[in-house]
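What follows is one structure encoded as structure tokens, with my remarks underneath.
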Amino acid sequence: MQRFLLRRALFIVISLLGATIVIFCMTRLAHDPRELFVPDTGYGMSEEQWDALGDRMGFNKPLPVQYLVWLGNMLRGDFGTSIHQELEVRDIIFSKMGATIQLAIGGWFFAILIGVPLGVIAASTRGTIWDYVSRGFALFGQALPQFWTGIMAILIFAVLLQWLPAGTRGDEHGFDVRYYILPCIVLGWPAAAGIMRLTRSAMLEVLDSEFVKLARAKGLGRFQVIWKHALKNAIIPPLTSALLLMAGYLNGALVVETVFSWPGIGWIALNEAVYDNDFPLLQGTVLTFILFYLVFALIADVLYAVIDPRIRYS
């Protein structure tokens, strides 16, 4: 087990190091970063002032040296200063983290609580009306784009029926569940559809296995056979999807956050980092995205080994 964990941890370190190299090179090869700090490519500045700015910000050093300095700052949690907001990137990301975490948890729970039971029901009632309803739910969830379902949800439930708010997070100092219903459902529906299909496929394979037939021959009840024995052996594919899904949600659901004006990490990555060409903020958000993904990938590997001991020896 220790060798298994050490091997996975080494893969994460290598992946993270490779990601930092790609991020750094993409922000340096396009143009001189000083052009973002001084408009009109240094118009009105002398050559001495231009070089002095490069010396002060470290842009005159060789690229390998710049990378090592930047990597050292990243390891200390120093993501630099936003060009347009003139605030620490770390503080900007942390200020939006709460909104993203709340939306991610809501969408994740909706996806799991809907997707897994529907998959089990569809597999255990194969060919019945419940199977067709579950598969229809999955079909529409994966076919409809989130920007369209988000707009339609706002039109129907916020504009026509006036049951729920059209967007935003509401009062940031309080908690009003009405502001979370539409964004969480729109965010979680495609994932619930995918988890439902994975669960159904895995359950169909397990239900036809010999140990399930033996459990039924021993006289175990239908509920115990399906939800205890079969689901435990079919849970690995949905578990993989669910953990990586949470990583994706924590990275910021860009479309949903934009449609519902949700002030999370995905919103600042698009509307403040990309549109404003704020490369320190873009570096910080992208590195945060990658770190979340790798951490949850490690958690998935550990849970695999706990659920199925054969994996830790493979």
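The analysis underlying the following values was restricted to heavy atoms, covering all of them including side chains, and did not include hydrogens, waters or symmetry mates.
At least one donor-acceptor pair closer than 3.5 Å links the side chain of Asp131 to the backbone N or O of Gly127. Looking only at distances, no side-chain donor or acceptor of Ser201 sits under 3.5 Å from a matching main-chain atom of Leu198. Gln146 places a side-chain N or O within 3.5 Å of a backbone atom of Val186 that can act as its donor or acceptor partner. Not one N or O on the side chain of Asp91 forms a donor-acceptor pair closer than 3.5 Å with the backbone of Leu87.
Using a 4.5 Å heavy-atom cutoff, the side chains of Phe140 and Thr149 are not in contact. Considering only heavy atoms from C-beta on, Leu144 comes within 4.5 Å of Trp189 through its side chain. Ile290 places a side-chain heavy atom less than 4.5 Å from the side chain of Ile23. Residues Leu10 and Ile14 have side chains in contact (heavy-atom distance under 4.5 Å, counting atoms from C-beta outward). In this structure the side chain of Met196 never reaches within 4.5 angstrom of the side chain of Thr199, judged on heavy atoms. In this structure, the side chains of Pro165 and Arg178 come closer than 4.5 Å at one or more pairs of heavy atoms.
Annotation for Arg200: atom CZ counts as buried by contact number, over 12 foreign heavy atoms lying within 6.0 Å.
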>> Using the rule given for side chain to side chain contact (heavy atoms under 4.5 Å, CB included), can you reason through Ile265 versus Phe289, listing the C-alpha separation, both sets of side-chain angles and the distance that settles it, and then say yes or no?
In response: CA-CA 9 Å; Ile265 298 178; Phe289 296 166; 3.2 Å; yes
> Passes side chain to side chain contact (heavy atoms under 4.5 Å, CB included), Arg197 versus Arg135? Steps please.
Replying inline: CA-CA 8 Å; Arg197 293 177 65 90; Arg135 289 159 63 182; 5.8 Å; no
> What do the steps show when you test Phe137 against Ile114 for side chain to side chain contact (heavy atoms under 4.5 Å, CB included), and what is the final call?
Replying inline: CA-CA 10 Å; Phe137 171 86; Ile114 299 297; 3.6 Å; yes
> Is there a side chain to side chain contact (heavy atoms under 4.5 Å, CB included) between Ile154 and Phe260 once you walk through the steps?
Replying inline: CA-CA 9 Å; Ile154 292 174; Phe260 290 95; 3.6 Å; yes
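Here the OG atom belonging to Ser15 is positioned 12.0 Å from the CG atom belonging to Leu291, to the nearest 0.5 angstrom. Atom CD1 of Ile185 is separated from atom CG of Leu164 by 8.0 Å, given to the nearest 0.5 angstrom. Taking CG of Leu75 as the reference point, atom OG1 of Thr20 lies at 8.5 Å (rounded to 0.5 Å). One finds the CD atom of Glu257 at 9.0 Å from the CD1 atom of Ile268 (value rounded to the nearest 0.5 Å). Expressed to the nearest 0.5 Å, how far CD1 of Ile21 lies from CG of Leu16 amounts to 10.5 Å. A distance of 11.5 Å separates CD of Glu88 from CG of Leu281, quoted to the nearest 0.5 Å.
Side-chain heavy atoms closer than 4.5 Å link hydrophobic residues (I, L, V, M, F, W, Y) into clusters, and following such links, even through other members, never connects Val116 to Leu204. When the side chains of ILVMFWY residues are joined at heavy-atom separations under 4.5 Å, either directly or via intervening members, Val120 and Ile129 end up in two distinct hydrophobic clusters. Side-chain heavy atoms closer than 4.5 Å link hydrophobic residues (I, L, V, M, F, W, Y) into clusters, and following such links, even through other members, never connects Tyr132 to Met203. Linking Ile, Leu, Val, Met, Phe, Trp and Tyr whenever their side-chain heavy atoms come within less than 4.5 Å puts Tyr179 and Val177 in one cluster. Residues Leu155 and Val256 are members of one and the same hydrophobic cluster, defined by side-chain heavy-atom contacts under 4.5 angstrom among Ile, Leu, Val, Met, Phe, Trp and Tyr.
Counting only residues at least two apart or on different chains, the side chain to side chain donor-acceptor pair (under 3.5 Å) pairs with a member in residues 108-126 are Thr125-Thr128.
Pairing each heavy atom of Ile112 with each of Pro117, the nearest pair is O-CD, 3.4 Å. Between Leu118 and Ser134, the shortest heavy-atom contact is CD2-OG, 3.5 Å. Of all heavy-atom pairs spanning Ala99 and Pro263, the tightest one is CB-O, 3.4 Å. Closest approach of Trp262 and Leu103 over heavy atoms only: NE1-CB, 3.7 Å. Here the closest non-hydrogen pair linking Ala158 and Ala166 is CB-CA, 3.7 Å. Nearest heavy atoms, Gly106 versus Cys184: CA-SG, 3.5 Å.
Checked against the 6.0 Å centroid criterion, the rings of Trp70 and Phe79 do not qualify as a close aromatic pair.
The aromatic rings of Phe24 and Tyr67 sit perpendicular, their planes meeting at an angle over 60°, well past the 30° parallel limit.
For the side chain to side chain donor-acceptor pair (under 3.5 Å) test, no residue two or more places apart in sequence or in another chain qualifies with Ser95.
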